[in-house]
Amino acid sequence: MELIDNINHLLGDNLKQTLQPKAKLKIAASCFSIYAFEALKKELEHIDSLDFIFTSPTFVPNEVTDKFKKERREFHIPKAERERSFYGTDFEIQLKNKLTQRAIAKECADWMRRKAHFKSNRGKAPMQQFACVQGGDNDAVYMPLHGFTAVDLGYQQGDAVSNLVNKMDEPVFTATYLNLFEQIWHDADKLEDVTERLCDHIASAYQENAPERIYFLMLYNIFNEFLEDLTEDVLPNDRTGYQDSLIWQKLFNFQRDAATGIINKLETYSGCILADSVG
């Protein structure tokens, strides 16, 4: 067994030595970042395949009842953040600032379509996180593994107090973890294939987008939580007749939206500030 402290001995450097041509890489982790792919690009290009399991539901449709369960808390990383981390986590900001995301995403998408398969845990049952390298006489297991990012590989600074990883290459250990991974990988009740969905998702990072589309995406990301919470319970009661008043008829649509918001806030918080932009 070998101890990797990710200070003097980095997990990424160790993986570069272990990932021999035609090896098979199997990872169960909470998230996947294109910057981890970039760091190991040379080695990943020569492996036979990558099988990746998202250990919590990621890139799978939300349950119908999700929006009614705001009180539910998820383990480790919320689903939306896990999906966003595909383009880089908050701790990979230095890499994102290089503005190479589009080129890396395009390279990663091409590689994924040729070599990778992704599945996601479709339930709430927690799964252990680890990585296996299957390469004949060079089998190895790395654990614990939080995610597959540049931070987890040791190339970027995270907020964890420690980032120790154990590498086990004894046959009895590697065989056990490889068998465990294969057992879970082929269990259709536990996992859902998200490879195609993920390829479509990553394509959005490098495809040309019309300015109008970007504008609407910005609006959605700013207001999506507000829209989810918007129900008849929080809208003003129009049976009071305020919409039949003379002043209401004289308002423009954007002014009516503002008035509706003001009434809602007055009823909810017993106060509201109306501020108008100038110039």
Any salt bridge linking Arg113 with Glu196? Criterion: basic side-chain nitrogen under 4.0 Å from a carboxylate oxygen. no
Take Asp257 and Thr260 through the test side-chain hydrogen bond (donor to acceptor under 3.5 Å, both in side chains) and record every step on the way to the result. CA-CA 5 Å; Asp257 291 338; Thr260 302; 5.4 Å; no
Taking Ser33 for the side chain and Tyr35 for the main chain, is one N or O donor matched with an acceptor at less than 3.5 Å? yes
Could you tell me whether the side chain of Tyr155 and the main chain of Asp13 form a donor-acceptor pair under 3.5 Å? yes
Sidechain N-carboxylate O distance under 4.0 Å for Lys106, Asp110: no
Going through the distances and angles, do Glu192 and Lys119 end up as a salt bridge (charged side-chain N to carboxylate O under 4.0 Å, His left out)? CA-CA 5 Å; Glu192 179 176 342; Lys119 293 186 179 182; over 6 Å; no
Please work out which of the three classes, parallel, tilted or perpendicular, describes the rings of Phe181 and Phe130, given edges at 30° and 60°. perpendicular
What do you reckon, is NZ of Lys190 surrounded by more than 12 foreign heavy atoms closer than 6.0 Å? no
Would Glu182 and Lys26 count as a side-chain contact (heavy atoms from CB on, under 4.5 Å) here? Give the steps. CA-CA 9 Å; Glu182 290 299 319; Lys26 303 175 186 294; 2.9 Å; yes
Can you measure from CE (Met127) to CD1 (Ile53) and round to the nearest 0.5 angstrom? 4.5 Å
Yes or no on side-chain hydrogen bond (donor to acceptor under 3.5 Å, both in side chains) for His9 and Asn14, after CA distance, side-chain angles and deciding distance? CA-CA 8 Å; His9 185 191; Asn14 194 285; 3.2 Å; yes
Angle between ring planes, Phe118 versus Phe52, binned at 30° and 60°: parallel, tilted or perpendicular? tilted
